[in-house]
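Here the structure is a predicted model, which means the values were calculated and not measured.
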Amino acid sequence: MQTQLDERRAALPLLTRVAAGDAGAVRECLDRFGGLVWSIARRFEPSDAEDAVQEIFLDLWKSAGRYDPAQGSEATFIATITRRRLIDRRRTRRRRPQATEQIQDHPMAAPGTAADTSAEAGKAAKVLGQLRPEQRQVLVLATAHGMSHGEIAAHTGMPLGTVKAHVRRGLIQIRNALLGVQEGQS
Amino acid sequence: MKGALNPRAEELLVERALRPLDQDEQWELEELNSIDDDSFDKAAAAIVIATSAAESLPQHLAAKILAAAPQPDLRRTLPGVIVQPPESNLPRDTMVGVDIASLAPEPTPERSIQEIVIPEPGDTGPIPTREPVVTFSARAVIAQPVGLSRHAVTAPPPEPTRLPRPASQPEVPSTDHLGTIPPARDGNGPQPYRAPSQPPADQPQPFPRTPQPYPSQGTGPQLPIAHTPQPQPFVQQGPLPLDTQRQAMRGIPLPTETLPPGEAPPIVAPIIDLSARRGQPAMQPKRRSVLVPWLAAAACLLVAGGAVWWALQRETGDGKVAAVAPPPPSPEVARTELLALPDTTKITWTATQDATSRGATGDLVWNQSRQTGFMRFVGLTPNDPKQFQYQLWIFDKNRDQAFPVDGGVFDVSSTGEVLVRISPKLAVNDATLFAVTVEKPGGVVVSKRERIVVTAARS
């Protein structure tokens with residue numbers, strides 16, 4: 001009987017088990033996605049990443065019940081919550097990364113990282129690989145580092161209008177790839 | 001068309017994936033029926049994952065997060081509040097991670113061993129419950145409780161009456177400890193259950209087995225108890241078929257047609273045998289003690305108490321004492337305790353003219369340092385969660401007033417006093433105003449504030 005229950009639990013999505021108060025699932029979630037959240041937080045808030053990560057996970061435990069496997073992978077769900085929380089924190093604190101801050105290049109995620117657990121990330125990586133380098137750079141600075149259009153323009157030296165266009169087109173392309181929409185349909 | 005969007009909605013959704021929208025933009029997006037479209041957020045998240053380097057969360061940070069994580073089975077059981085389980089079909093019958101059988105201390109070899117067979121709580125699987133329920137394994141082995149005299153566990157007198165098995169009913173084979181049917185000696189069919197060490201029935205027995213059928217009628221609560229005679233235990237060592245369990249609980253002997261003539265049927269439960277007189281026939285009781293079921297119940301309590309105590313004292317693998325969280329206090333108690341703290345604020349609700357709150361009263365208790373509090377309502381109109389829900393908003397002095405902190409949605413099921421715990425989604429630095437609005441089921445990210453029910457301003 002207990003084995004059957006364990007098997008039924010194991011078959012449930014991790015976040016569903018977290019929402020149900022499964023302490024083991026909480027630890028497993030932290031093991032699997034802690035590095036991802038930490039990585040994102042360090043890019044958005046290099047000096048305050050620890051506080052941000054704690055706040056994000058607090059939010060995640062509360063939001064876990066909203067996860068719907070039909071809507072995407074757990075990694076994408078968690079990354080979405082992480083970004084929203086970080087954007088909100090940044091807005092609240094009125095602090096954005098300075099142009100002088102060291103922003104590393106944006107390589108594709110190495111195999112074995114959270115990207116492997118997210119089908120959406122795989123599709124996004126494919127589209128990113130097809131973009132021109134400057135377009136990819138702008139898109140990653142905007143989405144993965146939380147920089148504003150103006151900050152990206154200052155950082156890259158590109159005209160503001162070009163930055164806006166790159167970000168918008170890039171996001172639409174990746175969104176369409178995730179939805180399986182052909183170019184020009186949206 | 002799949003993915004097709006209004007150009008303005010697309011523009012706003014792209015912006016929302018990069019920065020929070022202001023109130024007007026939110027309203028505009030809602031008017032365009034695209035407020036729930038998170039496809040661009042997912043696209044941005046996918047980019048983030050795709051460009052994330054492999055990093056590990058620092059251990060000290062992971063420990064902090066785990067310490068702040070919710071305890072298992074945290075479910076609000078507030079009076080008047082309807083709690084929707086996140087997964088209604090999730091088994092919730094166990095205290096997660098606690099296996100009572102594994103926690104039980106090893107029995108002392110010198111002491112006699114008493115086995116208590118506790119049936120599973122239900123025949124259709126776990127019992128959905130809002131309270132944590134400790135599920136015992138099918139078998140718990142405990143040392144005989146101190147002070148439990150031998151006479152106290154005297155077996156009931158034998159009763160020769162036995163319910164006949166319908167002729168058409170196939171014989172039900174006994175099961176072994178894994179619940180499987182042991183092979184017949186001749187290999188052609190089932191054989192009556194025997195312990196592995198038991199000699200064949202056609203050989204002389206060291207002493208007669210004396211399993212006694214338990215009377216079907218008794219006084220007081222009756223727990224199915226099986227005692228392990230030595231050297232021939234007759235205890236069912238695994239989950240029994242449900243029908244068999246029911247039979248055993250009623251004291252009905254199990255089918256044993258293949259036993260040699262004159263041999264008493266093996267009774268899974270309840271059997272109480274005395275094993276102290278090894279090599280001699282088991283003691284035949286003179287009379288049945290009415291204390292047996294009560295003592296059995298007391299033994300169960302001792303087992304449960306001992307297991308919990310042992311769990312509290314148990315050390316984890318990394319040398320730290322495992323913390324077993326005490327049950328959370330009731331909302332009433334928690335609210336009273338919160339009120340006793342010096343930095344707790346109590347504010348009376350001010351009802352608006354909304355139909356749901358006319359004549360409603362109550363108060364709000366908030367503790368800034370603990371980031372928690374309670375709302376108390378009397379006379380607030382009960383809601384149908386499928387129609388609308390109440391949502392609390394906390395206005396933070398240090399945040400944009402257009403984006404108050406979401407205090408969560410809640411339901412009111414009665415017009416009497418309702419107590420709701422406040423768990424804000426974000427840290428509240430300096431709460432200035434609390435407001436409850438009526439929103440669509442599930443709540444909203446940004447309220448239109450069309451129906452404000454009550455407010456409480458902090459001075």
* Specify the closest pair of heavy atoms between A:Ala142 and B:Leu18, including all atoms of both residues, with the distance to one decimal. => O-CD2, 3.8 Å
* Considering only heavy atoms, which portion of A:Val18 lies under 4.5 Å from any heavy atom of chain B: side chain, backbone, both, or neither? -> neither
* How far apart are the closest heavy atoms of A:Leu178 and B:Ala43, and which atoms are they? -> CD1-CA, 3.7 Å
* To do: Answer yes or no: is there an ion pair linking A:Arg175 with B:Asp38, defined by an N-O contact shorter than 4.0 Å?
  => no
* **For B:Ile49, the option from A:Ile78, A:Leu36, A:Thr80 that meets side chain to side chain contact (heavy atoms under 4.5 Å, CB included)** => A:Leu36
* To do: Using a cut-off of under 4.5 Å on heavy-atom pairs, state which of B:Pro20, B:Ala62, B:Gly408, B:Ser56 scores highest against chain A.
  => B:Pro20
* Structure fact -> Highest number of heavy-atom pairs under 4.5 Å with chain A among B:Arg16, B:Lys42, B:Arg399, B:Lys64 belongs to B:Lys42
* Just jot down the side chain to side chain contact (heavy atoms under 4.5 Å, CB included) partners of A:Ala177, sequence neighbours excluded, or say none. => A:Val127
* Structure fact -> If one checks every heavy atom of A:Arg42 against chain B at 4.5 Å, the contacting part turns out to be side chain
* Asked: Most heavy-atom pairs under 4.5 angstrom with chain A, which of B:Gly442, B:Ala17, B:Pro7?
  -> B:Ala17
* Asked: Can you list the residues that meet the salt bridge (Lys or Arg N to Asp or Glu O under 4.0 Å) rule with A:Arg27, with sequence neighbours excluded?
  -> none
* In terms of heavy-atom pairs under 4.5 Å, which option from B:Val14, B:Asp396, B:Ile65 contacts chain A the most? -> B:Ile65
* So which part of A:Leu58 gets closer than 4.5 Å to some heavy atom of chain B, the side chain, the backbone, both or neither? -> side chain
* Charged N to carboxylate O under 4.0 angstrom, A:Arg168 versus B:Glu10? -> yes
* **Smallest separation among heavy atoms of A:Leu171 and B:Ala44, with atom names** => CD2-N, 3.9 Å
* **Part of B:Ile47 within contact of chain A (heavy atom distance under 4.5 Å)** => both
